[in-house]
Chemist: 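Before we start, here is the structure in question, set down as structure tokens.
Small disclaimer: the values here were computed from a predicted structure and weren't measured. This chain uses plain numbering: 1 for the first residue, then up along the sequence.
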Amino acid sequence: MYRLAADVFNDTAMIFDCLSPALPKALRVTLLSFSSVLRALCGVAAGSSKASLSAHFAKWGNLGELNAQPEPSLTVKQKDSSQETIISLMGMLAGSIVVSYVSSPIATWSCLIVLLSIHLAMNHAAVRAVSLHSLNRQRANIVLSNLLVDNKVMTPEEVSSQERIFEWDGALRWRGSSPFAKATIGVNLLSLLKTLAPAHTVTGAIRDGDLILERLVRIYSHEDFLVWYDSPKRSVYIVLKGQASAKAQLKAWALALWGAHRFGKQYATGANTENLLQLLEMTLRDISNRWDDSIERIRAAGWDIDIANLETSSGSRIRVTTESLQTMSKKKD
């Protein structure tokens, strides 16, 4: 997504640069400033996505060799940076030839639009051809939903054909359907508490949510996360514990996906808190009974489950101690 977005930013900046001479001075400065902003966004998006794509192509951990400039004696090993340099030189040569035949404004704009269209089309085909082996949110939706329904694990190549380049962050889809909920992983405990009970308008204190939180802690006492579904907002909140691994995050996402899907089918008209807690507990039991076998099948299909790509922003962790559990037990007694 960010690799293609970088090309869109860069091509839009080129169009703005070509439009600027026809505008008054004040508008020209504004347009050129906006063009510079787009180029800066292009540099950030392209640089960050290039790192992930390079890591994908370095199948034996040879990331340094992949990006290195080859020595003259190693011309057989075509490296990424050298390919870009050669392509840029070829583009400059072709541009010099084309410019000598283009003189009128109509021909210039026609040439520009055609070349930019070809550029975006080729980049779109390029990113569609990549089959990443890590599970981000969208790929996890596709793999897990098909696994839970058909008991079949899709390969990275099969998922790539169904994957959307531009996707809403955190959208939950069931086998490619329209988004039915949104999930956020790595949220802090305060965000979870605000969904359990309303905060005081003056002090901001949150009361009456401790009983629900206690139930959640007990339900997920043997897991490295907490999962809660906010039915009015159709949002799933995943709170991670300090020791949560990439495998635990994937399991939490599976619970969020399947739990939200089952909630929508069983309680389309609404449900109380007790119904929701029972559904979460039942979903956890069903997933846990088949999780070890499922995770091995996912790994055997070619997926790298040791890469944590589900958490896309800076998240937080909680720590549940034995003393806190004992305190909850005393309160309950």
Side-chain angles (χ1 to χ4, degrees), residues 1-3 45 48-49 51-53 55-56 130-148 153-156 158-160 162-177 179-189 191-192 195 216 220 223-230 233-263 280 283-284 287-288 290-292 294-299 301-318:
M1 180 179 70
Y2 288 105
R3 176 62 261 184
S48 57
S49 59
S52 297
L53 291 173
H56 165 72
V130 177
S131 299
L132 295 176
H133 291 206
S134 59
L135 286 169
N136 65 356
R137 301 181 178 191
Q138 182 183 182
R139 291 190 286 273
N141 287 340
I142 299 173
V143 171
L144 294 172
S145 60
N146 282 275
L147 174 62
L148 293 170
V153 179
M154 301 179 66
T155 64
E158 293 173 335
V159 172
S160 178
Q162 300 183 17
E163 191 176 1
R164 293 174 171 85
I165 296 179
F166 294 99
E167 173 67 303
W168 296 105
D169 186 33
L172 292 178
R173 297 179 186 267
W174 191 258
R175 306 186 71 182
S177 64
F180 57 88
K182 179 182 179 182
T184 308
I185 187 170
V187 300
N188 55 48
L189 191 60
S191 300
L192 176 63
T195 66
L216 282 177
Y220 298 103
E223 304 294 341
D224 294 333
F225 51 81
L226 306 176
V227 178
W228 176 253
Y229 181 65
D230 186 4
K233 296 182 179 179
R234 295 193 301 172
S235 298
V236 184
Y237 298 90
I238 301 174
V239 179
L240 299 176
K241 299 179 183 179
Q243 66 274 20
S245 61
K247 181 179 175 181
Q249 294 180 31
L250 183 60
K251 184 177 181 179
W253 194 266
L255 290 169
L257 176 66
W258 200 22
H261 175 69
R262 296 173 71 174
F263 184 89
L280 292 175
T283 303
L284 174 61
I287 290 288
S288 298
R290 57 192 295 189
W291 184 248
D292 290 337
S294 298
I295 205 69
E296 291 304 321
R297 292 175 59 193
I298 292 173
R299 193 194 300 272
W303 294 102
D304 189 347
I305 61 173
D306 296 323
I307 301 177
N309 274 349
L310 295 172
E311 195 175 10
T312 57
S313 61
S314 179
S316 62
R317 300 291 188 272
I318 64 170

Chemist: What side chain to side chain donor-acceptor pair (under 3.5 Å) pairs are there with at least one residue in residues 238-250, not counting sequence neighbours?
Modeler: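 Checked against side chain to side chain donor-acceptor pair (under 3.5 Å) - neighbours excluded - the pairs reaching residues 238-250 are Asp224-Gln243.
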Chemist: May I ask you to test the Asn141-Leu172 pair for a side-chain heavy-atom distance under 4.5 Å?
Modeler: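 When only atoms from C-beta onward are counted, Leu172 and Asn141 do touch, with a gap below 4.5 Å.
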Chemist: Would you call Arg173 and Glu167 a salt bridge, taking side-chain N to carboxylate O under 4.0 Å as the test?
Modeler: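 Glu167 and Arg173: salt-bridged.
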Chemist: Side chains of Phe225 and Val239: closer than 4.5 Å at any heavy-atom pair?
Modeler: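 No, every pair of side-chain atoms sits at 4.5 Å or beyond.
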Chemist: Taking C-beta and beyond as the side chain, do Leu255 and Ile238 meet within less than 4.5 Å on heavy atoms?
Modeler: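 They are not in contact (no side-chain heavy atoms under 4.5 Å apart), so the answer is no.
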Chemist: Of all residues at least two apart in sequence or in a different chain, which pass the side chain to side chain contact (heavy atoms under 4.5 Å, CB included) check with Ser48?
Modeler: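 By the side chain to side chain contact (heavy atoms under 4.5 Å, CB included) rule, Ser48 matches no residue at all.
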Chemist: Sequence neighbours left out, what passes ring-ring contact (aromatic ring centres under 6.0 Å, His included) with Tyr237? Give chain and number order.
Modeler: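 Listed in chain order: nothing, the list is empty.
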Chemist: Could I get the full list of side chain to side chain contact (heavy atoms under 4.5 Å, CB included) partners for Tyr2, not counting sequence neighbours?
Modeler: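 Once residues adjacent in sequence are excluded, the partners of Tyr2 under the side chain to side chain contact (heavy atoms under 4.5 Å, CB included) criterion are Ala45, Ser49.
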Chemist: Identify, with sequence neighbours excluded, every residue that meets side chain to side chain contact (heavy atoms under 4.5 Å, CB included) alongside Arg297.
Modeler: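 Arg297 satisfies side chain to side chain contact (heavy atoms under 4.5 Å, CB included) with Leu147, Asn151, Val153, Asp293 once adjacent residues are dropped.
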Chemist: Which residues pass the side chain to side chain contact (heavy atoms under 4.5 Å, CB included) test with Glu158, not counting sequence neighbours?
Modeler: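 Checked Glu158 against side chain to side chain contact (heavy atoms under 4.5 Å, CB included); matches are Lys152, Met154, Thr155.
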Chemist: Whether Asp306 and Arg299 form a salt bridge (side-chain N of Lys/Arg under 4.0 Å from carboxylate O of Asp/Glu) is what I want to check.
Modeler: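 Salt bridge: yes.
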Chemist: With rounding to the nearest 0.5 Å, note down the distance linking CZ in Arg137 to CH2 in Trp168.
Modeler: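 Reported value, rounded in 0.5 Å steps: 14.5 Å.
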